[in-house]
Structure formats: structure tokens, C-alpha cells
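Note sheet for the following structure.
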Amino acid sequence: MTDKKQSRGFMDRVKDTKTTRWIRFGVVTAIYLAWVIWMGNPWLLLLLPLLFDIYITGYIPFTWWKKSKNKTVKALMSWVDAIVYALILVYFVFAFVGQNYQIPSSSLEKSLLVGDYLWVNKMAYGPRVPMTPVHFPLVQNTLPILNCKSYLDNPSVKYHRLKGFGSVQTGDIVVFNFPAGDTVASKITNPDYYTLVKMFGRDAVLSNPQEFGEIIYRPVDRRENYVKRAVGLPGETLKIVDGEIFIDGKKQTAPADVQFNHYFQTAAPLTEAEWESLGIAMDDRSRVPITDEDKDGMVHLGFTVNTDGSVPPVYLSPLTQEMISKLEGMKNVLKVMKQPAPTDDLIFPGTGASSKWTRADYGPVWIPKKGSSVELNEQTWPLYERVIRNYEGHTDAYIKNGTVYIDGRPAKTYTFEMDYYFMMGDNRDNSLDSRYWGFVPEDHIVGKPMRVLISFDKDKGLLNGGIRWNRILKDANPGL
């Protein structure tokens with residue numbers, strides 16, 4: 001019976017196909033053709049005969065196991081079949097529609113909280129065609145347990161973004177691949193490889209695998225996902241003055257929940273209930289150690305030192321303006337003061353005039369725009385070296401005796417091939433962002449968070465407030 005069926009001609013197979021199979025083939029084909037048009041790649045039409053065979057002619061025996069007399073084989077293959085279909089569906093949804101994303105750090109608090117699980121819309125800015133198309137769809141770069149790469153380096157696809165609903169706007173919260181995540185010390189992911197090089201030197205990092213691990217390279221779409229707010233767009237000039245952002249000389253509106261580190265002193269230690277009422281997470285409750293040498297300076301700044309030499313508790317926490325107002329209204333609070341920005345040699349790019357920049361006083365810096373040119377000299381080269389070499393592929397680029405060379409030839413100007421963005425966290429004094437590692441290239445943009453799917457408070461048990469019910473389906477992209 002089976003041999004006779006397999007020997008049927010093409011027209012017989014077509015005629016014997018049930019109406020329901022034709023309907024399914026029609027629906028799938030329509031969706032596939034729409035996807036091909038969206039992709040703008042007519043070569044994908046070559047796969048249409050495969051779809052026709054799957055649904056209509058059946059020359060390729062994809063469902064051979066259904067004819068097996070072995071019940072174990074049928075049961076096992078039915079699970080394999082369901083899992084493969086599910087993974088293919090997940091692959092396409094995650095690649096072209098959107099995906100879930102967990103907030104791992106406090107850089108955007110209180111706008112987004114640690115433990116928020118977000119739905120990220122990739123169609124908002126247009127999804128990228130996967131640059132490493134052969135990858136396991138449920139993990140970013142490393143398979144759990146096996147601790148190996150979850151993707152193949154080859155084949156690889158050149159960056160191409162499909163048409164989306166819009167473009168990145170000032171104030172958007174954006175998910176993107178970490179630009180400085182191209183090179184990774186496998187044993188130490190925080191701080192990143194380039195920060196480790198600044199701290200210890202390149203030779204020390206490369207020659208000490210016991211401490212830092214293997215140094216590996218990751219393609220763009222396999223780098224870790226970060227989430228920050230876009231504060232500077234391509235072609236704009238950004239400057240930060242005492243924590244306030246200026247774009248092209250115009251002061252920008254700060255997010256409602258922007259936070260800055262503040263010292264505050266209380267007559268007696270705060271109770272758990274008081275911490276909770278202020279909304280300060282446990283990780284942010286830092287009590288400042290006070291030495292005898294500190295006391296004169298504290299009095300000068302207006303902090304209280306008792307006549308017996310004891311000092312009431314002094315804390316350091318990130319605070320929103322609303323939290324500051326609550327503190328100042330508490331009878332137990334003696335003083336609230338913004339923390340001065342410390343000098344930080346990890347600020348980008350950290351050479352020349354920029355060596356005096358801080359996280360609170362930064363720039364001015366011009367953000368690269370596709371098609372725009374910049375003059376190349378000793379002042380501009382540190383700002384745009386990484387863009388030219390790492391992001392735009394001119395690895396043979398360097399400066400010598402004040403002259404910049406690109407692809408082995410002297411260059412007085414450079415015209416950018418992509419748009420770039422300046423990203424910052426709302427938790428301004430506790431965010432490793434563009435102030436530390438520079439611009440975000442357009443090919444690193446992943447998508448726009450839309451909704452909080454669910455949120456967990458790691459400091460509480462599931463039955464004791466661990467689930468933040470009030471955040472479920474909350475807007476994950478609160479505006480300015």
C-alpha cells in the first residue's frame with residue numbers, strides 16, 4: 001500500500017490533497033510571501049517549492065514516523081516534531097516581532113525596576129535580519145549547563161534592518177547590544193574587557209587566563225542586551241552640566257523618576273518600615289563609615305556631630321525628587337545633600353580635555369550621523385577611533401605624529417556610515433552607560449520595551465510581596 005502511494009505521479013498527489021491542506025498551504029504561503037516582500041530578498045522565493053511539497057505533494061517524507069509500527073518511535077518523534085515546530089516559531093517571533101527581556105541592574109530605576117520582565121517590540125524601529133542566523137532562539141550567547149556558544153559564527157549576514165514603525169526618539173527607553181561586548185573576558189563580565197584593560201593593562205589581561213578567563217569575540221547580535229534611555233540622537237551635540245543634559249545648547253526635560261546619589265543624615269537609624277515607605281531597595285541602603293578625620297569636614301558641610309564626638313547615621317542612596325521631598329518631611333532626618341561627582345578616569349574617552357570630564361559634567365560631544373563628516377585630529381581621534389575601527393570596520397586606522405591614517409592612507413576627515421546614539425540610565429550616578437563606553441551604533445539597536453509582563457522583587461518572598469502585582473502590564477517606556 002505504502003509503495004503504491006509513494007509511486008503516485010505529481011498530478012495524482014495534487015488531486016488527492018484534502019481541501020483543508022490547500023487552505024493551510026494558502027495561509028502559510030500568503031504569510032511567507034508577505035515576509036519575503038518585507039525582507040526585500042527575492043531569493044527566498046526559492047523555498048516556495050519546499051512549502052508546496054510539505055503541504056501538497058509530500059515527496060520529502062517529513063512525517064515518515066507516523067507510519068511506523070513502533071509505538072516508542074511514534075511517541076518520541078511526535079515530541080521531537082512538536083518541539084522543532086515550536087522552536088522554529090519562537091525563532092521567527094524573537095527575530096522579527098519581539099522577545100521578553102529581564103531588567104538585571106538598577107541603571108533605570110525607578111523608571112524600570114530590577115526584576116521587571118519586559119516585552120520588547122522589535123518592529124518599533126524595524127527588526128534586524130539575524131546576523132548569526134544559526135543560533136538557539138531561547139538564549140543570547142551561551143547554552144546553560146553545557147557552557148558553550150549557542151550560535152555558529154558562520155554563516156553570517158551583513159547588517160540589514162527591515163522597515164519598522166518609526167525610529168529612535170529622544171527619551172525612548174531602548175534595548176541594544178552592548179557595544180563594548182565585542183570582546184569578553186569569559187571569567188569576568190563586570191567590569192567589561194575594555195575596562196579591565198584600562199585598570200590592569202592589556203598584557204596583564206591577555207596573559208592571565210587563570211584570573212580573567214579566555215578572551216573571546218562575539219558578533220553584534222550575540223552581545224549582551226542592555227537597556228538605557230536615548231538622550232542624544234545622531235548629529236546632535238550633547239553636554240552635561242551638573243547632571244543636567246543639554247542638546248545643541250538647549251536644556252532637556254529630565255525623566256520624572258530620574259535619580260541622583262544623595263547623602264542624608266538621620267537622628268536615629270531608619271527602620272525597615274521607613275526604608276520601605278521611601279521606596280529604597282536593600283542594595284541601595286548604604287551607611288557611610290565616618291572616621292575622626294571626617295568630622296571637621298562634615299560640620300563644614302552642615303552635618304551633625306554630637307558634642308560627645310558621636311555622629312548620627314549618614315547614608316548614601318540614589319533618590320528621586322519625590323523621595324527627597326519625603327525625606328525632608330521626616331522629623332528624624334537632619335540633612336539631605338547631593339553627592340558631588342567624583343573624578344573618574346574610566347569616563348569615555350578619558351584623554352586630553354575629556355580627562356577632566358565627570359559623570360555630572362561631560363562634553364560637549366558631537367554624536368556621529370550617517371553621511372556626516374568630522375575633522376580628524378588629535379582632539380577628535382579619541383572620540384571617534386572606536387567608531388571608525390570597531391564599528392565601521394576600518395581596522396587599519398591609527399594616529400601617528402598628529403596625522404590620522406585610515407586604511408593606510410592619511411585622512412583629514414571621515415564620513416560616517418551609520419547613525420549613532422548616546423544612551424544613559426535614569427539612575428544617573430549608578431549607570432554604566434555612554435559616558436563610560438561611548439556611542440551606540442544603529443546596528444546594535446534591538447527594540448523598544450513596551451510592557452512589563454511581570455515583576456519580581458528579589459528582596460521578598462513570593463508569598464510576601466515578591467510579585468509586584470501593580471507593575472503587571474505597566475507601560476515599560478515611560479516618557480520624559
If we only count heavy atoms from C-beta on, is the Val387 to Pro441 side-chain gap below 4.5 Å?
-> no
Side chains of Lys187 and Asn208: closer than 4.5 Å at any heavy-atom pair?
-> no
Can you tell if the side chain of Tyr117 reaches within under 4.5 Å of the side chain of Gln102, non-hydrogen atoms only?
-> yes
How long is the gap from OG on Ser455 to CG on Leu112, to the nearest 0.5 Å?
-> 9.5 Å
Pairs meeting criterion ring-ring contact (aromatic ring centres under 6.0 Å, His included) with involvement of residues 132-166, two or more places apart | Tyr91-His135
Heavy-atom check, side chain of Tyr421 versus side chain of Val174, under 4.5 Å = no
With Tyr420 via ring-ring contact (aromatic ring centres under 6.0 Å, His included) - residues at least two apart | none
Fit a plane to each ring of Phe178 and Tyr226, take the angle between them on a 0 to 90° scale, and name the class: parallel (under 30°), tilted (30 to 60°) or perpendicular (over 60°).
-> parallel
Can you list every salt bridge (Lys or Arg N to Asp or Glu O under 4.0 Å) pair that touches residues 398-425, not counting sequence neighbours?
-> none
Any residue meeting ring-ring contact (aromatic ring centres under 6.0 Å, His included) with Tyr193, in chain and number order, not counting sequence neighbours = none
Show your working on side chain to side chain donor-acceptor pair (under 3.5 Å) between Ser167 and Gln169 and close with a plain yes or no.
-> CA-CA 6 Å; Ser167 58; Gln169 301 297 310; 3.0 Å; yes
Return the orientation label for the Tyr384 and Phe439 ring planes: parallel under 30°, perpendicular over 60°, tilted otherwise.
-> parallel
Any side-chain heavy atom of Val80 sitting closer than 4.5 Å to one from Trp65?
-> no
Is there side-chain contact between Lys474 and Asp116, with at least one heavy-atom pair below 4.5 Å?
-> no
Please say whether the positively charged group of Arg386, taken as NZ for Lys or CZ for Arg, lies over the ring of Phe348, i.e. under 6.0 angstrom from the six-membered ring centre and within 45 degrees of the axis.
-> no
Side chain to side chain donor-acceptor pair (under 3.5 Å) evaluation trace for Lys110 with Gln259 | CA-CA 8 Å; Lys110 298 294 185 184; Gln259 295 189 117; 4.6 Å; no
Check whether any side-chain heavy atom of Glu109 lies under 4.5 Å from a side-chain heavy atom of Pro318, and answer yes or no.
-> no
4.5 Å side-chain heavy-atom contact, Asp153 and Pro219 = yes
Closest non-hydrogen atom pair, Pro364 against Thr237 = CB-CG2, 3.9 Å
Derivation and outcome, ring pair (Phe, Tyr, Trp, His ring centres under 6.0 Å), residues Phe212 and Phe200 = CA-CA 11 Å; Phe212 300 105; Phe200 303 104; 5.7 Å; yes
Determine, step by step, whether Asp81 and Ser78 satisfy the side chain to side chain donor-acceptor pair (under 3.5 Å) criterion, reporting the C-alpha distance in whole Å, the side-chain angles of both residues, the deciding distance to 0.1 Å, and the verdict.
-> CA-CA 5 Å; Asp81 182 72; Ser78 66; over 6 Å; no
Taking the six-membered ring for Trp, are Phe96 and Phe92 parallel (under 30°), tilted (30 to 60°) or perpendicular (over 60°)?
-> parallel
Verdict with supporting geometry, Asn430 and Asn261, side chain to side chain donor-acceptor pair (under 3.5 Å) = CA-CA 8 Å; Asn430 300 281; Asn261 284 350; 2.7 Å; yes
Applying salt bridge (charged side-chain N to carboxylate O under 4.0 Å, His left out), run through Arg435 and Asp433 and close with a yes or a no.
-> CA-CA 5 Å; Arg435 294 170 293 178; Asp433 48 39; 2.9 Å; yes
Go through the structure and list residues passing ring-ring contact (aromatic ring centres under 6.0 Å, His included) with Tyr398, not counting sequence neighbours.
-> Tyr405
Side chains of Asp257 and Thr320: donor-acceptor distance under 3.5 Å anywhere?
-> no
Mind checking ring-ring contact (aromatic ring centres under 6.0 Å, His included) for Phe264 and listing every partner two or more places apart, or none if nothing turns up?
-> Tyr315
